[in-house]
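First the proteins, then the strands, lettered A, B, ... as listed; each starts at 1.
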Amino acid sequence: MNKNFTNKDIAELLRSVAAAYTVKDENKYKFQIIAYQRAADSVDHASSEIKDLWDEKKLGEIAGIGSSIASHLDELFKNGKVKHFTQVFSGLPAAMFSLLKIPGVGPKTAYKLTKILKIKDPSKAVSDLEKSAKLGKIRTIEGFGEESEAKILKSIQEVSGRTERILLYQAEEIADKVIDYLKNCPLVIRADPLGSLRRKCSTVGDIDISVASDKPKEVINYFTKYPHKKRILEAGEATASILLITNHQVDLMIQPSSAYGALLQHFTGSKHHNIKLREVALKKGFSLSEYGIRKIRRSEKLEVGSEKEERPKGKLIEFSSEEKFYNFLGMEFIPPELREDGGEIEAAIKQDQSKLIKLPRLVNLKDVKGDLHLHSNFPIEPSHDLGESPVEEMVKRAFELGYEYLAFTEHSPSTSRHTESQIINLLRRKKEFFEQIISSRARKLPIKIFNSLEIDIKPNGELSIPKEGLKYLDFAIVSVHTSFKMDRKSMTERILKGLDHPKVKILGHPTGRKLNEREGYELEWEKVFEFCRKNNKFLEISAWPERLDLPDFLVKEAVKNEVKMIISTDSHSVEQMNLMKYGVYVARRGWAEKKNILNTLAVNEISDILLKC
DNA sequence: GCCGTTTTCGGCCCGACTGTTTTCAGTCG
């Protein structure tokens, strides 16, 4: 039996183990529970398939997976099941684990409900529970009441209508509206989008917003009256959550201005960044929270065996800004995009100037000097997606954006509707057209125009235009638009063959992923990186919000492997040229500096590189 | 069960909110 375990399956399994330990004896297994949850989180966020890492004997590289869990996973991949896990699950109803996806239902609640209501079938557990709730059976159970029954029912109904993680730009739109609303309240001094939104993750779950105010209760009250809310999920003294009509959750946290820096730090996350930061601080004798920093007096260590394990804490030190918060801990300010516990904390610690990893000076939007992936409406008769805007308009916009150069990279002419000589003719005409544009435009707007093309890489690795056609281009981008389902080795060969011609400089949207739509294809990245570095080929970071491809974790790998990238919009109209910032976010999340991004170079420097054959 | 510029042993982030068991357990981020 060789089931194909995905990362999602594995994370769920590890979480179930943690849940089982929680039910059996939360205190006894306290640290196993934490360890399994952490391992599950790690697997969820892993940049490659755990199964592949196991194949390559690299399981140890995943943080939070040590020798014990690694050997359990080894058993899982070999036998399809794990003896130790079966033991941990023994005596517990299998159906309880199905209930854990209901918000507000944790291990103990799930256990109690399945046990008392005699829910047996894991595949029907949620709907069985829903039926019981409707019949009023839950309220009769000890520890439950009418309200908790209603809450469970609501949660079940919402879980089915729940929207998946939303794309960053959509989250920004929603957050902007809520923030505008909050700023209309005179008691609100400041309001900021935080969480994954501030870290510029490609997709966002809940929308997190912070407010500085001296009247938190009144602001919470105002917040819960937001016109587009469906219902209030919770509302306390300093935090509140609402569900919008669109089923998106918005979380709010409030602190006075004097302590706002700690709140920004806390609520920006990520969870793993905060945990690591707090562990590091603890070793220096500090305890961190959203309120500020306390010095711990270690000498007054708690007595052995005391029931209430509380550390003696000193006076709270407040911080008005995040810079001061990090500086107090002897660290440089860490840009939000880096806060993923990916080495940024170690890099931010000052003192040691000789250390190997330092915080990068991240690339900025204003460093970008041109857009090298644009589709105009020049009638190239492409196989798909002709642009909507005329070249002149796009050049004008580029000037407004402060660019020095542009590349027009329309899709190659369709091969089904044209003979080879017709394709050559179209390319010749395109070249003449751009020469004309360049000669008439050159005097008015100081923008260099490259005449390029986005060429399909066919499944056999050949390009979708005849080789001869390449001579009509300044350079070319190549991309995969068909036959995504190839195995990793063949896809790698296909792409490396496609990149081989000297005129080809850039691999467009290198993984082919579409967020919330399809996974990208797998590649042997080490080979791709090596090929690019040796042959001066560049990987695109597509700023297109549904692609954001290369993904951030591969940008980080590319930086490590000294492969340069370009950030481009893949615009099919003038308006889309404003999307560049989303590509810059991805680059920043991948630790990219200006020097890693080719299109931060001035026009003369980049011309030398792109036009060299 | 994991992990290491205080450690291969002895630690392990920190707090909010809700409903119900009126003093706290369970869940969440």
*Could you tell me which nucleotide pairs with B:dT8 by Watson-Crick or G-U wobble geometry, both distances under 3.5 Å, or answer none if nothing does?*
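Per the H-bond distance test, none.
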[X] near the nucleic acid: base, sugar-phosphate alone, or nothing, with a heavy-atom cut-off under 4.0 Å?
{"X": "A:Ser287", "result": "sugar-phosphate"}
{"X": "A:His84", "result": "sugar-phosphate"}
{"X": "A:Ala238", "result": "sugar-phosphate"}
{"X": "A:Ala235", "result": "sugar-phosphate"}
{"X": "A:Leu288", "result": "sugar-phosphate"}
{"X": "A:Tyr29", "result": "nothing"}
{"X": "A:Lys108", "result": "sugar-phosphate"}
{"X": "A:Glu147", "result": "sugar-phosphate"}
{"X": "A:Tyr291", "result": "sugar-phosphate"}
{"X": "A:Ile65", "result": "sugar-phosphate"}
{"X": "A:Gly143", "result": "base"}
{"X": "A:Glu290", "result": "sugar-phosphate"}
{"X": "A:Glu149", "result": "nothing"}
{"X": "A:Ala63", "result": "sugar-phosphate"}

Just compare [options] and give me whichever is closest to any side-chain atom of [X].
{"X": "A:Ser148", "options": "B:dT20, B:dG26, B:dC13", "value": "B:dT20"}
{"X": "A:Lys151", "options": "B:dC13, B:dG1, B:dG19", "value": "B:dG19"}
{"X": "A:Ile275", "options": "B:dC14, B:dA16, B:dC13", "value": "B:dC13"}
{"X": "A:Glu26", "options": "B:dG26, B:dC2, B:dG1", "value": "B:dG26"}
{"X": "A:Lys283", "options": "B:dT27, B:dT6, B:dG29", "value": "B:dT6"}

*Go through A:Phe319 and A:Tyr260 one step at a time and tell me if the ring pair (Phe, Tyr, Trp, His ring centres under 6.0 Å) criterion holds.*
CA-CA 7 Å; A:Phe319 298 88; A:Tyr260 196 59; over 10 Å; no
_Gap between atoms CG and P, on A:Leu194 and B:dG29 respectively (whole Å)_ =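 So the two atoms are 16 Å apart, to the nearest Å.
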Nearest-angstrom distance, [atom1] atom, [N] to [M]:
{"N": "B:dC13", "M": "B:dT23", "atom1": "P", "result": "30 Å"}
{"N": "B:dG11", "M": "B:dT6", "atom1": "P", "result": "16 Å"}
{"N": "B:dT5", "M": "B:dT22", "atom1": "P", "result": "48 Å"}
{"N": "B:dT21", "M": "B:dT27", "atom1": "P", "result": "16 Å"}
{"N": "B:dG15", "M": "B:dG10", "atom1": "P", "result": "27 Å"}
{"N": "B:dC2", "M": "B:dC14", "atom1": "P", "result": "22 Å"}
{"N": "B:dT7", "M": "B:dC12", "atom1": "C1'", "result": "13 Å"}

*Syn/anti state of B:dT20 by chi, 90° boundary around 0*: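 Base orientation: anti.
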*Going by atom types only, do A:Lys324 and A:Ser320 share a side-chain donor-acceptor pair under 3.5 Å?*
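Side-chain D/A pair, A:Lys324 to A:Ser320: present.
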*Distance-only polar pair, side chains of A:Arg278 and A:His266, donor-acceptor under 3.5 Å*: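 The answer is yes; a qualifying pair exists.
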*When the ring centroid of A:Phe333 is compared with that of A:Phe325, is the distance short of 6.0 Å?*
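No, ring centres 6.0 Å or more apart.
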*Centroid separation A:Tyr29 to A:Tyr36 less than 6.0 Å*: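 Ring centroids of A:Tyr29 and A:Tyr36 are no less than 6.0 Å from each other.
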*Reckon A:Thr239 has a side-chain N or O less than 4.0 Å from the OP1 or OP2 of B:dC17?*
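For B:dC17, OP1 or OP2 has a side-chain N or O of A:Thr239 closer than 4.0 Å.
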*Assess whether atom CD of A:Glu56 is packed by more than 12 heavy atoms of other residues, nucleotides or ligands within 6.0 Å.*
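Yes, the 6.0 Å shell around CD holds more than 12 heavy atoms from other groups.
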*Using heavy atoms to find the nearest nucleotide of DNA chain B for A:Ala110 and A:Ile141 separately, return the residue whose nucleotide is more 5′.*
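Looking at the nearest nucleotide for each, A:Ile141 comes out on the 5' side.
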*Of A:Ala35 and A:Gly104, whose closest DNA chain B nucleotide lies nearer the 5' terminus?*
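On the 5' side of the pair lies A:Ala35.
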*Do A:Arg339 and A:Glu344 meet the salt-bridge criterion of a basic N to acidic O distance under 4.0 Å?*
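Salt bridge: no.
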